[in-house]
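There's a structure below that I have some questions on.
Counting starts at 1 for both ligands and their atoms, following the listed order. Quick note: numbers below take in every heavy atom, side chains included, and nothing from hydrogens, waters or symmetry partners.
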Amino acid sequence: MPLTGMKQILPHAVAGGYGVAAFNPVDYNSAKAMVDAAAALDAPVILQTSVKTVKYWGHAACAGWIKELAADTSVPISLHLDHCQDLDVIRGCIDHGWTDVMIDASALPFEENLAMSREVVTMAAAAGMGVEAELGRIVGVEDDIFVDARDAHLTEVDEAVRFCRDLDLAVFAPAIGTAHGYYSGEPNVAFDRIEEIHRRTGKPLALHGGTGLANDVFAKSIARGCAKINISTQLKHAFIDGFAAYHRDNPDDYEPLRVIEAQYEALLAVFMDRIEQFGGGGQGSLILAA
Ligand code: 13P
């Protein structure tokens with residue numbers, strides 16, 4: 001079936017109290033494993049390309065693979081762009097049929113962030129697309145964006161209310177104490193802040209930095225309004241480890257398709273596990289019927 005935007009998927013997740021997994025595909029094999037995991041579990045899934053990935057393969061290739069994979073399934077699949085500061089890349093996504101894009105102008109002062117995010121919301125709305133925007137600073141490295149712990153700060157609730165009132169967002173990304181990449185210590189997730197931001201903005205929230213969080217952290221965040229749960233670093237590890245483990249166990253096998261298949265199986269297991277953990281199983285057909 002055709003791709004489905006986050007504006008259709010995420011309100012259903014909020015109402016149903018579950019989270020939609022958002023994974024970063026890096027190639028056709030990883031995108032296929034994401035779509036197959038969603039189809040096997042009758043779950044919605046968000047494929048969010050990183051800017052780096054789009055620049056490496058090109059907009060047409062990324063959109064072509066993902067639209068073709070979605071066309072063979074009957075579950076809702078969004079094609080989203082993760083953290084982007086480059087309006088040309090966003091324009092390319094609009095031209096090539098992404099359903100959603102994220103503008104990350106969170107490094108800018110509030111008014112400039114708002115103005116740049118507004119520009120993207122206006123561009124996207126004309127194409128019927130949804131937008132994710134960020135306020136506050138999420139620590140860690142994501143794509144080419146690095147935020148040092150000293151510069152990280154949680155989103156202020158009053159600013160979040162104003163930001164979300166001025167912008168028609170599909171999903172809002174606040175900084176709530178999570179971090180991109182693996183955690184070196186125990187993350188200090190601000191559950192009260194999540195609850196208050198969701199209650200006062202009325203927006204579905206994105207949980208960034210999902211790799212390495214404990215299952216009860218996901219459950220508590222989802223119960224307080226996080227409807228989109230981002231996982232990237234865990235996929236990168238499964239991607240490399242799946243490939244390397246096969247070669248370690250079969251050092252004389254130089255048939256690439258068997259290595260690719262082993263990598264696919266490793267990725268599929270991770271995606272199915274995460275989708276089920278967030279409660280997305282069985283929700284795909286319910287979204288489409290709603
Ligand atoms: P992790 O790499 O920590 O899973 O975070 C992913 C993310 O938030 C993508 O925007």
Side-chain angles (χ1 to χ4, degrees), residues 6 10 19-26 30-31 33-34 37 45-55 62 78-86 89-90 93 98-107 117 120 130-149 152 154-155 169-190 194 204-215 217-218 221-222 225-241 266-267 270-271 273-275 277-278 280:
M6 294 199 298
L10 295 180
V20 180
F23 302 123
N24 297 58
V26 291
S30 51
M34 287 166 194
V45 71
I46 297 164
L47 271 63
Q48 50 181 12
T49 51
S50 299
V51 172
K52 226 178 355 206
T53 305
V54 176
K55 286 186 172 165
C62 294
S78 299
L79 172 54
H80 182 42
L81 176 71
D82 204 9
H83 297 270
C84 187
Q85 304 169 307
D86 182 338
V89 173
I90 290 178
C93 291
W98 263 247
T99 56
D100 304 272
V101 290
M102 177 175 184
I103 169 70
D104 180 354
S106 61
S117 301
V120 171
V131 174
E132 174 175 355
E134 177 174 329
L135 182 66
R137 301 233 65 203
I138 299 170
V139 72
V141 185
E142 185 55 47
D143 211 359
D144 291 333
I145 303 175
F146 172 74
V147 181
D148 192 87
L154 297 189
T155 304
L169 299 177
V171 56
F172 174 54
I176 37 91
T178 57
H180 291 126
Y182 275 104
Y183 293 88
S184 47
E186 195 63 33
N188 188 9
V189 180
I194 298 176
L205 304 181
L207 179 83
H208 282 252
T211 296
L213 290 179
N215 288 341
V217 173
F218 288 123
S221 304
I222 291 168
C226 289
K228 171 176 181 272
I229 313 294
N230 289 6
I231 305 282
S232 174
T233 303
Q234 189 182 8
L235 143 76
K236 294 179 186 175
H237 282 248
F239 187 90
I240 306 280
D241 293 347
L267 291 167
V270 169
F271 299 143
D273 175 68
R274 295 293 78 189
I275 289 170
Q277 182 62 47
F278 307 152

*asked:* For atom 4 (O) of ligand 1, what's the nearest protein heavy-atom neighbour? Residue, atom name and distance, please.
replied: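 Result: T211 OG1, 2.5 Å.
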
*Using distance alone, determine whether Q234 and ligand 1 share an N or O pair under 3.5 Å.*
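It does not: no N or O of Q234 is found under 3.5 Å from an N or O of ligand 1.
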
*N230 and I46: side chain to side chain contact (heavy atoms under 4.5 Å, CB included), yes or no, with the steps?*
CA-CA 9 Å; N230 289 6; I46 297 164; over 6 Å; no

*asked:* Pairs of nitrogen or oxygen atoms closer than 3.5 Å, one from N24 and one from ligand 1: do any exist?
replied: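 The answer is no, given that N24 and ligand 1 share no N or O pair closer than 3.5 Å.
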
*Counting from 1, what ligand 1 atoms have a heavy atom of G181 closer than 4.0 Å?*
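Once the distances to G181 are compared, the set is 1 (P), 2 (O), 3 (O).
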
*Side chain, backbone, both or neither: T233 near ligand 1, heavy atoms under 4.0 Å*: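 Both backbone and side chain of T233 come within 4.0 Å of ligand 1.
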
*Going by the order shown, which atoms of ligand 1 are within less than 4.0 Å of some heavy atom of A179?*
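Result: 3 (O).
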
_side chain to side chain contact (heavy atoms under 4.5 Å, CB included) for Q48 and M6? Distances and angles first, verdict last._
CA-CA 11 Å; Q48 50 181 12; M6 294 199 298; over 6 Å; no

_Sub-4.5 Å side-chain heavy-atom contact between P174 and L135_ =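 No; the side chains remain at least 4.5 Å from each other.
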
*Does any non-hydrogen side-chain atom of V45 lie less than 4.5 Å from one of F271?*
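Result no, sub-4.5 Å side-chain heavy-atom pair not found.
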
_I need the atoms of ligand 1 closer than 4.0 Å to a non-hydrogen atom of H208, numbered in the order shown._
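So the answer, numbered in order with elements, is 8 (O), 10 (O).
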
_Just so I know, are the side chains of V131 and S117 near enough to count as touching, which here means a heavy-atom distance under 4.5 Å?_
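Contact flag for V131/S117 side chains = no.
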
*Would you mind checking which non-hydrogen protein atom is closest to atom 8 (O) of ligand 1, with the distance to 0.1 Å?*
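Heavy-atom neighbour on the protein nearest atom 8 (O) of ligand 1: G209 N, 2.8 Å.
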
_Residue part near ligand 1, for A22, under 4.0 Å between non-hydrogen atoms_ =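 Within the 4.0 Å criterion, A22 makes no contact with ligand 1.
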
*Which atoms of ligand 1 have any heavy atom of H83 under 4.0 Å away?*
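In order of number, 10 (O).
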
*asked:* Test side chain to side chain contact (heavy atoms under 4.5 Å, CB included) on L81 and V51; report intermediate values, then the result.
replied: CA-CA 7 Å; L81 176 71; V51 172; 4.3 Å; yes

*What atoms in ligand 1 come closer than 4.0 Å to a heavy atom of H180?*
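Counting from 1, the qualifying ligand atoms are 3 (O), 5 (O), 6 (C), 7 (C), 8 (O), 10 (O).
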
*4.5 Å side-chain heavy-atom contact, L207 and F278*: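 The answer is no, as the side chains (C-beta and beyond) never meet within the 4.5 Å cut-off.
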
_Heavy-atom check, side chain of V189 versus side chain of I194, under 4.5 Å_ =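 Yes. Closest side-chain heavy atoms under 4.5 Å.
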
*Enumerate the atoms of ligand 1 whose separation from the nearest heavy atom of G210 is less than 4.0 angstrom.*
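Checking each atom against G210, I get 3 (O), 4 (O), 5 (O).
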
*Do the non-hydrogen side-chain atoms of F23 and V270 ever get within less than 4.5 Å of each other?*
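A side-chain contact is absent here, since even the closest heavy-atom pair is not under 4.5 Å.
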
*Any N/O of I231 closer than 3.5 Å to an N/O of ligand 1?*
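Min N/O separation from ligand 1 is not below 3.5 Å for I231.
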
*Closest protein heavy atom (residue, atom, distance) for atom 9 (C) of ligand 1*: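 Of every protein heavy atom, D82 OD2, 3.1 Å lies nearest to atom 9 (C) of ligand 1.
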
